[in-house]
Amino acid sequence: MSHPHLDSIGFTTGDAEASASFFSECLGFQRAGASRIVEGGPYGDLVGLPGAHFKLLRLTIGAEVLELTEILDPGPGARPGRPLPADSQSTDRWFQHICLVVNGMDEALDGLEQAFKAGTITPISSAPQRLPDWNTAAAGIVAYKFHDPEGHPLELLQFPPDKGEARWHQAATGPFLGIDHSAIGIANTAASCRFYRELLGLAAGGDGVNSGPEQDGLDGTSGTRVHITGHRCPTGAGVECLDYREPPGGRPMPADQGIQDLAHWQLRLRVVDLEDIRAKAETYGGSLISPGIVELGDQAELIGSQRALQLADPDGHRIQVL
């Protein structure tokens with residue numbers, strides 16, 4: 001396995017147009033073409049909702065792609081989608097977010113002030129948090145978390161001059177630069193490392209434990225202690241695993257969670273050897289969502305690949321492998 005690339009990160013929304021307007025107007029994203037209506041076919045089989053009708057809408061920021069999925073009709077016999085649980089926390093293993101890099105936290109939050117005042121978006125963090133100097137890997141990083149209008153968690157991150165990729169320190173016209181990673185809640189660091197590194201081929205991208213009042217303030221929790229491991233592709237966005245040791249009580253992802261649920265996120269990963277991943281997925285703690293490798297036929301243009309496989313990682317997070 002060599003050179004995987006994260007083509008896109010996406011989530012399910014109840015209204016793709018409204019969600020796109022929020023990300024465009026408030027967070028610096030741009031629409032990438034018109035929305036697409038998908039009526040069943042191989043794509044429905046791939047994502048585990050045969051016969052469903054979807055709307056797919058793509059946004060870009062920097063070099064990254066965010067894909068919004070709206071379920072227009074879940075298909076015959078399928079249950080409707082569920083909203084995000086109102087009491088969701090970072091410790092829950094359905095937790096997933098995108099981390100947007102900014103070059104000025106104050107400017108970024110000033111631009112969101114009216115949305116906060118209107119209650120359109122809601123805070124997770126008590127205030128922007130500067131991670132402490134004792135935490136060598138993260139010292140000087142400023143972070144802030146909040147919910148989008150539907151409750152999806154998002155994070156803003158500002159790197160100090162000595163951290164982060166060179167692209168995060170180039171001149172830009174606005175505060176929002178791109179997506180550094182998608183973070184996911186996990187139960188077991190070792191198991192997730194095996195899945196993302198040994199099976200999918202991502203490289204190690206950092207390892208450390210965050211704790212203390214700054215992490216409490218960031219996550220809106222108390223007594224927080226989280227083991228964070230990064231998994232990177234050679235270029236572009238990566239995956240960050242959050243293994244919360246404290247506080248206890250993180251809940252597993254519902255066994256029946258599907259793409260129709262607003263808590264559903266999806267990573268689309270381009271790899272070298274699809275057959276090898278299909279054969280070994282269960283050995284590495286994953287499970288198949290699609291009926292094996294799906295031939296997309298005339299829907300191949302939707303994802304830029306003739307063949308794809310839909311997996312769940314050891315905690316149930318969805319990965320679409322091309």
Side-chain angles (χ1 to χ4, degrees), residues 6 9-12 66 82-100 122-125 129 131 138 143-148 150-157 179-197 199-200 202 205-211 214-232 237-259 261-267 269 284-287 289 311-320:
L6 201 56
I9 302 167
F11 61 77
T12 299
L66 177 67
R82 298 184 294 240
L84 275 153
D87 61 348
S88 292
Q89 295 194 46
S90 300
T91 54
D92 295 318
R93 289 187 292 279
W94 59 79
F95 177 88
Q96 185 161 355
H97 75 208
I98 53 171
C99 175
L100 290 170
T122 55
I124 296 172
S125 304
Q129 301 294 319
L131 300 184
Y144 182 81
K145 293 181 181 181
F146 64 100
H147 294 289
D148 83 351
E150 289 184 308
H152 299 104
L154 307 171
E155 182 177 34
L156 305 181
L157 201 71
I179 299 172
D180 181 74
H181 63 266
S182 181
I184 59 175
I186 66 166
N188 184 292
T189 294
S192 292
C193 284
R194 289 185 70 239
F195 182 87
Y196 284 96
R197 295 180 187 174
L199 177 67
L200 298 182
L202 278 69
D207 188 314
V209 176
N210 285 12
S211 62
E214 296 86 1
Q215 195 66 37
D216 287 351
L218 180 61
D219 288 337
T221 50
S222 298
T224 314
R225 184 169 177 268
V226 54
H227 187 181
I228 302 174
T229 47
H231 312 288
R232 305 298 306 194
V239 181
E240 190 173 272
C241 290
L242 309 177
D243 184 352
Y244 279 86
R245 308 296 174 81
E246 299 289 342
R251 295 163 290 181
M253 187 177 295
D256 66 341
Q257 184 159 298
I259 193 172
D261 298 318
L262 295 193
H264 175 275
W265 289 71
Q266 174 176 282
L267 305 175
L269 186 71
Y284 286 89
S287 56
I289 303 300
L311 297 178
D313 79 356
D315 295 283
H317 301 285
R318 303 298 169 87
I319 303 100
Q320 191 174 104

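Minimum interatomic distance between P123 and Y144 (heavy atoms only, all atoms of both residues): CB-OH, 3.2 Å. Considering all non-hydrogen atoms of both residues, I9 and S182 come closest at CD1-CB, 3.8 Å. In plain terms, the two heavy atoms of F195 and L311 that are nearest each other are CZ-CD1, 4.3 Å. Residues S125 and L218 share a closest heavy-atom pair of OG-O, 2.6 Å. Here the shortest heavy-atom pairing between D92 and G249 reads OD1-O, 4.3 Å. In plain terms, the two heavy atoms of L242 and A183 that are nearest each other are CD1-CB, 3.9 Å.
In this structure, CZ in R82 is found 12.0 Å from NE2 in H264, a value given to the nearest 0.5 Å. Interatomic distance, I228 CD1 to N210 CG, rounded to the nearest 0.5 Å: 4.0 Å. Atom CD of E246 sits about 11.0 Å away from atom OG1 of T91, to the nearest 0.5 Å. The CD1 atom of I289 lies 3.5 Å from the CZ atom of R318; values are rounded to the nearest 0.5 Å. Between I319 atom CD1 and H317 atom NE2 the span is 8.5 Å, to the nearest 0.5 Å. For the atom pair OG1 of T12 and CH2 of W265, the computed distance is 10.0 Å after rounding to the nearest 0.5 Å.
Ion pairing between a basic and an acidic side chain is recognised when a charged N comes within 4.0 Å of a carboxylate O; R93 and D313 show no such pairing.
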Set out, in order, the CA-CA distance, both residues' side-chain angles and the distance that settles side-chain contact (heavy atoms from CB on, under 4.5 Å) for D219 and Q89, then state yes or no. CA-CA 8 Å; D219 288 337; Q89 295 194 46; over 6 Å; no
From CA spacing to verdict: side-chain contact (heavy atoms from CB on, under 4.5 Å), L269, Y196: CA-CA 11 Å; L269 186 71; Y196 284 96; over 6 Å; no
How far apart are the C-alpha atoms of I184 and D315, what are their side-chain angles, what is the distance that settles it, and do they pass the side-chain contact (heavy atoms from CB on, under 4.5 Å) test? CA-CA 9 Å; I184 59 175; D315 295 283; over 6 Å; no
I would like to know whether E155 and H181 meet side-chain contact (heavy atoms from CB on, under 4.5 Å); could you show each step before the answer? CA-CA 10 Å; E155 182 177 34; H181 63 266; 4.1 Å; yes
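Qualifying side chain to side chain donor-acceptor pair (under 3.5 Å) partners for S90, counting only residues two or more places apart in sequence or in other chains: none. With sequence neighbours excluded, the residues forming a side chain to side chain donor-acceptor pair (under 3.5 Å) with T221 are T224, listed by chain and number. H147 meets the side chain to side chain donor-acceptor pair (under 3.5 Å) test with no other residue; sequence neighbours excluded. Partners of D243 according to the salt bridge (charged side-chain N to carboxylate O under 4.0 Å, His left out) rule, which considers only residues two or more places apart in sequence or in another chain, are R245. Every residue meeting the salt bridge (charged side-chain N to carboxylate O under 4.0 Å, His left out) condition with D87, not counting sequence neighbours, appears here in chain and number order: R251. The salt bridge (charged side-chain N to carboxylate O under 4.0 Å, His left out) search around R232 returns E165, D180, not counting sequence neighbours.
Taking the side chain as every heavy atom from C-beta outward, P153 and K145 never approach each other to under 4.5 Å. With contacts defined as side-chain heavy-atom distances shorter than 4.5 Å, the pair L267/Q96 qualifies. Taking the side chain as every heavy atom from C-beta outward, P314 and N188 never approach each other to under 4.5 Å.
Between the side chains of D148 and H152, at least one donor N or O sits under 3.5 Å from an acceptor N or O.
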